Amino acid sequence: GGLRRFRGPAMSIRTRAVPTDLPARIAETPLSPQPPALVLFALLFLGLAGLIPLHLLGGAGELLITALFVTVALGVPIAAGFYLRGNILPYLGFRSVTKNGVGVSLAASAVLLLGGLLVNGGFFADAYRYREYALYGMTLTNDPKSFGGVLLVLLVLVVLPVFLEGLLFRGVLLFEYRHGGFLLAATVSSLLYAMLSMEFTRFPIRFLTGMILSLVVFLTRNILLSMLTHAVSVLFAVFFEKYVIFIAKEAETRVLFFFVFGALFLLSLFILPASRLPLSTFHLSFSQNLKEIFRFLLTEKTSSDKIKI
């Protein structure tokens, strides 16, 4: 298709026009009951899994059964999405990684990682369980005793959820609502994503996580970078967060913890939208570039336009 150029005061964002030869099932506007129905299936299936006392299996058995439930709960809606729309894989953003894209991913990873530390080290510090991990309302043992156990935890708690969640919520569902623009698509997909937390207190956190990950997809047009961002934050939460939370629970270091990580969190929030800007313009007119980014977020469609970064 032809090329369109959006010019701001000090930057240029180049996109490709929306393809006009999309297959009918892919190009049509979504039927509203479909995306929520896909998530409803996942909720019901994971809710069923939560009723099973998986802790009685212990160790590898608990994790393997969990992997099976997660695969079915998220895999079936993904397959249904592809069945209803046809092959939308080429339009979901699986493409090569660029330097600017990595910058966006790193900034977003910092936001998620530091935000998680502040929440778990502040609001939930007293209830924090060092040897357990909450996944879709299920409480799983996170205390591997061997290298094989570490690999199994890595697969079940990090790789599998990150890939399947990314493909469903930042792939299939974000694509479904693309006609409404980024803000609508990200909000709806993130609301549906937050429902999987199965905990009311975690709903706002999951929603904001979904918004950040959707923003990564939009700014980079690369779903792989969104998955990488998510993987970094989950990897830290599973294996390393408990050591930092231990420091936060100590009375002598609590104030210092909030000061240091709070400042870093605010800095990462400031950097994230700016990480999309070319380095050559970053120091020239930052406020103008920032306004252009947000104007672009609010007005540009999320269809299969490809932003070259």
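Values in this document were obtained by computation on a predicted structure and should not be read as measured data. Count residues from 1 along the sequence.
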request  = Side-chain contact test, heavy atoms from C-beta onward, threshold under 4.5 Å: evaluate it for Phe236 versus Val244 and give yes or no.
outcome  = yes
message = Would a single hydrophobic cluster contain both Val111 and Phe240, if residues Ile, Leu, Val, Met, Phe, Trp and Tyr are joined by side-chain heavy-atom contacts under 4.5 Å?
response = yes
query = Among pairs that include at least one residue of residues 134-143, which meet salt bridge (charged side-chain N to carboxylate O under 4.0 Å, His left out), considering only residues two or more places apart or in two chains?
reply = Arg131-Asp143, Asp143-Lys145
query = Do Leu68 and Met138 belong to the same hydrophobic cluster, where Ile, Leu, Val, Met, Phe, Trp and Tyr are linked whenever their side-chain heavy atoms lie under 4.5 Å apart, directly or via other members?
reply = yes
key: Sequence-distant partners of Phe257, ring-ring contact (aromatic ring centres under 6.0 Å, His included), two or more places apart   = Phe261
inquiry  = I need the minimum non-hydrogen distance between Gly149 and Pro144, along with the two atoms involved.
reply    = C-CB, 3.5 Å
query = Any ion pair linking Arg206 and Glu199 (charged N to carboxylate O, less than 4.0 Å)?
reply = no
query = Linking I/L/V/M/F/W/Y whenever their side-chain heavy atoms sit closer than 4.5 Å, directly or via other members, would Leu43 and Phe200 fall into one cluster?
reply = no
query = Atom CG of Leu192 and atom CD of Glu176: how far apart are they, to the nearest 0.5 Å?
reply = 11.0 Å
request  = May I have all residue pairs that pass ring-ring contact (aromatic ring centres under 6.0 Å, His included) and include part of residues 62-81, sequence neighbours excluded?
outcome  = Phe45-Phe69
request  = Kindly give the heavy-atom pair with the smallest separation between Asn222 and Ser96, and that separation in Å.
outcome  = ND2-O, 3.2 Å
Intermediate values then yes/no, side-chain contact (heavy atoms from CB on, under 4.5 Å), Phe207 and Thr187 = CA-CA 8 Å; Phe207 172 74; Thr187 300; 4.3 Å; yes
inquiry  = If I take atom CD1 from residue Ile78 and atom CG from residue Leu38, how far apart are they, to the nearest 0.5 angstrom?
reply    = 9.5 Å
request  = To the nearest 0.5 Å, tell me how far Ser226 OG sits from Leu219 CG.
outcome  = 10.5 Å
remark   = Output for pair (Met211 CE, Leu208 CG), nearest 0.5 Å, gives 8.0 Å
inquiry  = Check whether Thr66 reaches the backbone of Glu62 with its side chain - one donor and one acceptor, N or O, closer than 3.5 Å.
reply    = yes
remark   = Members sharing Leu48's hydrophobic cluster, built from side-chain contacts under 4.5 Å between Ile, Leu, Val, Met, Phe, Trp and Tyr, are none
Whichever hydrophobic residues join Leu40 through chains of side-chain contacts under 4.5 Å = Leu44
key: Any residue meeting side chain to side chain contact (heavy atoms under 4.5 Å, CB included) with Leu256, in chain and number order, not counting sequence neighbours   = Val260
key: Residues forming a side chain to side chain contact (heavy atoms under 4.5 Å, CB included) with Leu112, sequence neighbours excluded   = Thr209, Ile212, Leu213, Thr229, Ser233
query = Out of curiosity, does Leu51 fall in the hydrophobic cluster containing Val70 (side-chain heavy atoms, cut-off under 4.5 Å, transitive links)?
reply = no
task = Using side chain to side chain donor-acceptor pair (under 3.5 Å) as the criterion, list what pairs up with Asn142, not counting sequence neighbours.
result = none
task = Can you measure from CG (Leu74) to CG (Leu46) and round to the nearest 0.5 angstrom?
result = 6.0 Å
query = So, for Pro77 and Ala73, which heavy atoms are closest and what is the spacing to 0.1 Å?
reply = CD-O, 3.0 Å
Listing, residues 153-171 side-chain donor-acceptor contacts under 3.5 Å, not counting sequence neighbours, or none:
{"unit_1": "Glu165", "atom_1": "OE1", "unit_2": "Tyr193", "atom_2": "OH", "d": "3.2"}
{"unit_1": "Glu165", "atom_1": "OE2", "unit_2": "Tyr136", "atom_2": "OH", "d": "2.3"}

task = Could you tell me which residues satisfy salt bridge (charged side-chain N to carboxylate O under 4.0 Å, His left out) with Glu132, sequence neighbours excluded, listed by chain and number?
result = Arg129
request  = Would you sort out whether Leu191 and Phe203 count as a side-chain contact (heavy atoms from CB on, under 4.5 Å), showing the intermediate values?
outcome  = CA-CA 9 Å; Leu191 283 172; Phe203 186 92; 4.0 Å; yes
inquiry  = Measuring from atom CG of Leu174 to atom OG of Ser190, what distance do you get when rounded to the nearest 0.5 angstrom?
reply    = 8.0 Å
inquiry  = Does any part of the side chain of Arg178, heavy atoms only, come nearer than 4.5 Å to the side chain of Tyr91, both counted from C-beta?
reply    = no
inquiry  = For a side-chain contact (heavy atoms from CB on, under 4.5 Å) check, start with the C-alpha distance between Phe94 and Met227, then their side-chain angles and the critical distance, and finish with the verdict.
reply    = CA-CA 11 Å; Phe94 287 95; Met227 292 178 180; 4.3 Å; yes
